[in-house]
Amino acid sequence: MTKVPLVDIYIMGKKYKVPASLTVMNAMEYAGFQLKRGCGCRAGFCGACAIVYRTAGNYELKVGLACQTKVEANMFLAQIPYSPPLKGTYDINTLTPTASSIALYYPEIYRCIGCGSCTKVCPQNINVMHYIAHAQRGEIAQCATESFDCIMCGLCASRCPVHIVQYHVTILARRLYSKHLLPQASHLKRRVMEIKEGKYEAELRQLMKLSSDELRIIYNSRDIEE
Amino acid sequence: MYISYLKELVKKVEKTRPRRLYQDFPRMAPHECREVVKKFHPDYLENGFQTLKAGGNKGDRVPCELAELLEAHSRIEHIEIDLEKIAYDMDVLIIGGGGAGAAAALASQKEGAKVLLVTKLRFGDANTIMAQGGIQAADKENDSPALHYLDVMGGGHFTNIPELVYTLVNDAPMIIKWLEDLGAMLDKADDGTMLTIHGGGTSRKRMHSARDYTGTEIMRTLRDETLNRGINVLEFCPAVELLLDEEGKAAGSVLFNLETEEYLIVRAKTVILATGGSGRLHFQGFPTTNHYGATGDGLVMGYRAGARLAFMDTIQYHPTGVVFPSQIMGLLVTEKVRGLGATPLNIDGDQFVYHLEIRDVESAAIIKECSYKKKGISTPDGTTGVWLDSPLIELLHGEGTIERQLPAMLRQFARFGINIRKEPILVYPTLHYQNGGLLIDKYSRTSIENLYAAGENTGGIHGRNRLMGNSLLDILVFGRRAGFHAAQKSKEIKLKKLTLEHVCQFRRQLEQNGLETESISPLLFPSYNHHETVRSLKCN
Ligand SMILES: Cc1cc2nc3c(=O)[nH]c(=O)nc-3n(C[C@H](O)[C@H](O)[C@H](O)COP(=O)(O)OP(=O)(O)OC[C@H]3O[C@@H](n4cnc5c(N)ncnc54)[C@H](O)[C@@H]3O)c2cc1C
Ligand code: FES
């Protein structure tokens, strides 16, 4: 085991000594915090763990994900435990995949001043400002595809000077795109129909009656798609 | 970034790569599979388990860490709670805000029920959102529900409950259709054909995905829809005990408001448990891939109320969890990485097992290579792992494949200076999935009347081993079924008087059997403070 050096960090202003190799999340726990808010998947998928921080002597106020950000010496930090919601409620079935559908629920997108703050803070390196431009122009497919990796952590919205809630715009765009623009899978529709008609019923019921030894024989000799 | 001695070892991997590129490594014969699992899988380590002293599964073997919680004191044992003071009076109460809970909520509400969904963290902070690889369904021309059935049964070593497997595979195409109709962005060819690949133990390419954010896409879509439909959602209010009526039927739950530390009473005609898995109990000290709230609460509450458990002595260790860098220790390296052709290698850069054996076999083989053969790679933190040769992927499928198909994985490692397109990664089995849980039938009913369960907190569908892609499927199949049937059932129920007597009764039973304990459950959260540094480092 190699010994990891300790560094000082300041959690909401209080000083703690923690191993320099830890993430902010692990460091808070190491320091003795029992997290309730601000911790979900612990792996960069859920967006629960936004933090705001600054390192001593640096003017810049930074944001990040606690589970994905390594501690730095003399880091001053706090969690952002909650973002007040601003979500449109819609019936995806009746919307058209156009700019006006998005504008109906999120008219703020047209107030974008192109400052790029959203893109700069995105922990997923998504070009947020760019996909908002797609949304404005009704380029639903591009908006959906470019925003796909969004984990809805809310950091973009926390920095937006004109109050766009980018992560809600994108889920609407993705659902519009998938529901109304992507062609439906015909093989899927067919299979659902076949099952309803009972095409596989006899074969399945037959298999269900077999003993494990009998099943094992069939299983071991089943052919496997290349 | 790999430190120098690891960089040297990477060179060995590079050296053997051209030779391995087009070489097929043989699958293990069935008897070899059985043998390696018996000898090296953690499920067979006797001192990892103990037998239960009371309740419906008395005498059954379960992991020690779970036994401790199943037999612990209730959180509300010495707390004055007024059961007449009802905070929410509902038709259907759903406990758990993951995929199973959301699917249940949508189905219940569609049947006209008044629904409340309560959850411990935020709605969607769950194992579901972390699922990367994919979801299975037999919807292609060369595939059929019968073939899917065979694969599920074989994966579970033929121990699965046939009726549940039938339900799973039969509903599967309908579930994918439902997702398509909701506007979930599944990977498709230009003509709309679903892009599907193999997973461990599949005989047909039936793994559907949404890049490597499959669970994320499913969860955020279901969450969006749940909110659009105006369903009541209560966050940061975990359930801590079930309530029964005087006839012993489920009738609600006691919630704990994490901020105000108040207890709240929910009365409901039917209750659905969808609290997910238990990876955060760190069985046998293993790191885990699971989210923070995966502490087996539903098992504890259900068991105390008298519901039966099944297959609780079998846990799934995912063959490939990260062991280096330590910041992301335990984190999942999705099976899709192997599905695309990456293979496990030992310290000499040699492959030692076929890369797509079913999970318990693959895990056991990796443990054997490290512990018995001593051919693992030691990390600077004192753990051991094997290489997973990710650079093979682009040699097989062309440049850009990783960025297109595994963006999450690429990003995770890039944060720590490792380029998985060019460098292999270090992995070891990690605690991943609870194969067993509350026993259900095809209507998602537990053995307690009016208590339903769906998702990872159930047992029976996957027998002793689940295949990748069948869990995202099961949470939606049985989540929707639970929601539908709980809503239907609620229509015929008259609300009765609530009681917590079952909690005291269970306590008395344990004491009569000589059990002394200071533990309290449900656990709600694991704790990682610096008295347990080593553990906390491991548990990302
Ligand atoms: C990293 C990872 C990758 C995976 N990849 C795949 C894959 O590719 N394919 C696949 O099929 N499966 C995969 N799985 C498995 C699959 O994702 C899960 O088994 C499944 O999503 C579980 O869904 P669930 O709704 O039952 O539980 P979860 O999604 O975990 O939801 C449980 C919910 O209950 C809440 N809860 C817990 N306790 C309480 C309480 N006391 N009161 C109220 N609420 C509570 C939790 O906070 C959470 O919101 C993966 C799992 C993990 C962890
Ligand atoms: S805890 Fe989920 S992204 Fe950090």
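Each chain gets a letter, A, B and so on, in the order the sequences are listed, and its residues count up from 1. Note that this is a predicted model, so its numbers are computed, not measured.
With rounding to the nearest 0.5 angstrom, the CG atom of B:Asp191 is 6.5 Å from the OG atom of A:Ser186. For the atom pair A:Cys46 SG and B:Tyr292 OH, the distance stands at 12.5 Å (nearest 0.5 Å). A:Cys41 contributes atom SG, which lies 8.5 Å from atom CG of B:Leu331 (distance to the nearest 0.5 angstrom). In this structure, A:Phe45 CZ and B:Met219 CE are separated by 15.0 Å, a value rounded to the nearest 0.5 Å. The distance from atom CG of B:Leu147 to atom CD of A:Glu225, rounded to the nearest 0.5 Å, is 10.0 Å. To the nearest 0.5 Å, atoms CG (A:Leu188) and CD1 (B:Ile176) are separated by 7.0 Å.
Geometrically, A:Arg205 engages B:Tyr166 in a cation-pi contact, judged by NZ or CZ lying under 6.0 Å from the ring centre and within 45° of the ring axis. The side-chain tip of B:Arg220 points at the ring of A:Phe148 from less than 6.0 angstrom away and within 45° of straight on.
With a 4.5 angstrom heavy-atom cutoff, B:Leu121 touches chain A only via side-chain atoms. Using a 4.5 Å cut-off between heavy atoms, A:Tyr219 contacts chain B through both its backbone and its side chain. With a 4.5 angstrom heavy-atom cutoff, B:Leu182 touches chain A via backbone and side-chain atoms both. Proximity to chain B (any heavy atom under 4.5 Å) is shown, for A:Thr69, by neither the backbone nor the side chain. When heavy atoms are compared at a cutoff of 4.5 Å, B:Pro145 approaches chain A by way of both its backbone and its side chain. Neither the backbone nor the side chain of B:Ala126 comes within less than 4.5 Å of any heavy atom in chain A. Using a 4.5 Å cut-off between heavy atoms, B:Arg27 contacts chain A through its side chain alone, with no backbone atom that close. Proximity to chain B involves both the backbone and the side chain of A:Leu35, based on heavy atoms less than 4.5 angstrom apart. For A:Ile195, the part sitting under 4.5 Å from any heavy atom of chain B is the side chain, from C-beta outward, and nothing else. If you measure heavy-atom distances from A:Gln124 to chain B, the contacts under 4.5 Å come from both the backbone and the side chain. If you measure heavy-atom distances from A:Tyr177 to chain B, the contacts under 4.5 Å come from the side chain alone. Contact of A:Lys70 with chain B is made through the side chain alone, with heavy-atom distances under 4.5 Å. For B:Arg411, the part lying under 4.5 angstrom from a heavy atom of chain A is the side chain only. When heavy atoms are compared at a cutoff of 4.5 Å, A:Asn220 approaches chain B solely by way of its side chain, counted from C-beta outward. Residue B:Thr202 touches chain A through its backbone alone, counting heavy-atom pairs closer than 4.5 Å. Using a 4.5 Å cut-off between heavy atoms, A:Lys87 contacts chain B through its side chain alone, with no backbone atom that close.
In summary, B:Asp151 and A:Arg222 engage in a salt bridge, as defined by a charged side-chain N under 4.0 Å from a carboxylate O.
Taking a 6.0 Å sphere around NZ of B:Lys188, one finds it holds more than 12 heavy atoms contributed by other residues, nucleotides or ligands. Taking a 6.0 Å sphere around CG of B:Asp190, one finds it holds 12 or fewer heavy atoms contributed by other residues, nucleotides or ligands. Within a 6.0 Å sphere centred on CD of B:Glu141, other residues, nucleotides and ligands contribute 12 heavy atoms or fewer.
Looking only at side-chain heavy atoms (C-beta outward), A:Thr89 and B:Leu227 stay at 4.5 Å or farther from each other.
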- Query: Does the pair A:Asn93 and B:Asp181 meet the rule for a side chain to side chain contact (heavy atoms under 4.5 Å, CB included), with working shown?
  - Reply: CA-CA 8 Å; A:Asn93 299 307; B:Asp181 289 343; 5.9 Å; no
- Should A:Arg191 and B:Lys177 be marked as a side chain to side chain contact (heavy atoms under 4.5 Å, CB included) after you check the CA-CA gap, both sets of side-chain angles, and the distance that decides it? CA-CA 10 Å; A:Arg191 183 55 46 83; B:Lys177 184 82 188 100; over 6 Å; no
- Task: Dump the intermediate steps for side chain to side chain contact (heavy atoms under 4.5 Å, CB included) on A:Lys36 and B:Glu259, then the final yes or no.
- Result: CA-CA 9 Å; A:Lys36 287 179 190 162; B:Glu259 270 99 23; 5.6 Å; no
- Worked verdict on B:Phe158 versus A:Asp213 for side chain to side chain contact (heavy atoms under 4.5 Å, CB included): CA-CA 9 Å; B:Phe158 309 99; A:Asp213 285 340; over 6 Å; no
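The nearest pair of heavy atoms linking B:Thr221 to A:Arg175 is CG2-NE, 3.8 Å. For the residue pair B:Ala146 and A:Leu207, the shortest heavy atom distance occurs at O-CD1, 3.6 Å.
In terms of heavy-atom pairs under 4.5 Å with chain A, the best-connected choice from B:Met130, B:Lys205, B:Arg229, B:Glu217 is B:Lys205. Taking A:Ile92, A:Asp223, A:Ile218 one by one and counting their heavy-atom pairs under 4.5 Å with chain B, the maximum is reached by A:Asp223. Put simply, of B:Gly192, B:Pro325, B:Ala137, the one with the most heavy-atom pairs under 4.5 Å next to chain A is B:Gly192. Residue with the most contacts toward chain A among B:Met153, B:Glu163, B:Lys120, B:His157: B:Glu163 (heavy-atom pairs, distance under 4.5 Å).
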